[in-house]
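The structure appears right after this line, and notes come after that.
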Amino acid sequence: VQLQASGGGLVEAGGSLRLSCAASGLIFSSVHMGWYRQAPGKQRELVAGISSIGTTTYADPVTGRFTISRDNAENTVYLRMNSLRPEDTGIYYCATRYGSQDYWGQGTQVTVSS
């Protein structure tokens, strides 16, 4: 299983980014996918998740600003991030559990300037 995250960058507060995570080596349509982030000096935290049938969940700080979606035909999960804030800065990782094992992408850096 491989997860390849992309789409991070430097953006001003109030701006938007869309992260992508391309998955391979698994039956993508059958798995729950999640986006996590790790800010400097902090623990990794769940940002958003999407089930195999498209049910979504969000952490409180991002509710209403971030949208997670998936394209099973493209084996890709997305994270649309609007109204970005400096506190959204961090490394964003996609992840899944497949065959009782957790898999993580390599992370993509998001930096929001004030």
For R65, give me all partners under salt bridge (charged side-chain N to carboxylate O under 4.0 Å, His left out), at least two apart in sequence or on another chain.
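Salt bridge (charged side-chain N to carboxylate O under 4.0 Å, His left out) check on R65 returns D88.
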Show the nearest heavy-atom pair for residues [X] and [Y], with the distance to one decimal.
X: W35; Y: L46; answer: O-CD1, 3.5 Å
X: A23; Y: L3; answer: CB-CD2, 3.5 Å
X: V112; Y: T89; answer: N-OG1, 2.9 Å
X: A13; Y: S114; answer: CB-CA, 4.4 Å
X: Y93; Y: W104; answer: CB-CE3, 3.8 Å
X: I68; Y: Y58; answer: N-OH, 2.9 Å

From the options N75, T96, V1, select the one residue that forms a side-chain contact (heavy atoms from CB on, under 4.5 Å) with F28.
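Of the listed residues N75, T96, V1, the side-chain contact (heavy atoms from CB on, under 4.5 Å) partner of F28 is N75.
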Are [Y] and [X] connected in a single hydrophobic cluster, I mean Ile/Leu/Val/Met/Phe/Trp/Tyr linked by side-chain heavy atoms less than 4.5 Å apart?
X: L19; Y: I50; answer: yes
X: M33; Y: L17; answer: yes
X: V77; Y: Y103; answer: yes
X: V47; Y: I91; answer: no

Greater than 12 external heavy atoms within 6.0 Å of Q2's CD
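Open.
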Step through the shown structure and confirm whether more than 12 heavy atoms of other residues, nucleotides or ligands are within 6.0 Å of CD1 on I27.
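Not more than 12 within 6.0 Å, no.
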Does any part of the side chain of [Y], heavy atoms only, come nearer than 4.5 Å to the side chain of [X], both counted from C-beta?
X: S16; Y: M81; value: no
X: N82; Y: F66; value: no
X: V31; Y: L26; value: yes
X: Y92; Y: Q38; value: no
X: Q106; Y: Q4; value: yes

Consider only side-chain N and O atoms of T76 and D71, and report whether a donor and an acceptor are under 3.5 Å apart.
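Absent: no donor and acceptor within the cut-off.
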Checking Y36 against R44: is there a side-chain donor and acceptor pair closer than 3.5 Å?
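Judged by distance alone, the side chains do not pair up.
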side-chain contact (heavy atoms from CB on, under 4.5 Å) between H32 and I53, intermediate numbers included
CA-CA 9 Å; H32 182 108; I53 60 171; over 6 Å; no
Answer yes or no: is there a donor N or O on one side and an acceptor on the other, between the side chain of T108 and the main chain of A5, under 3.5 Å?
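No, T108 side chain to A5 backbone: no donor-acceptor pair under 3.5 Å.
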Return yes if some donor-acceptor pair links the side-chain N/O of R70 with the main-chain N/O of S51 below 3.5 Å, else return no.
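Yes, because the side chain of R70 sits within donor-acceptor range (under 3.5 Å) of the backbone of S51.
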About how many Å separate OG of S6 and CZ of R18, when rounded to the nearest 0.5 Å?
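R18 atom CZ to S6 atom OG measures 9.0 Å (nearest 0.5 Å).
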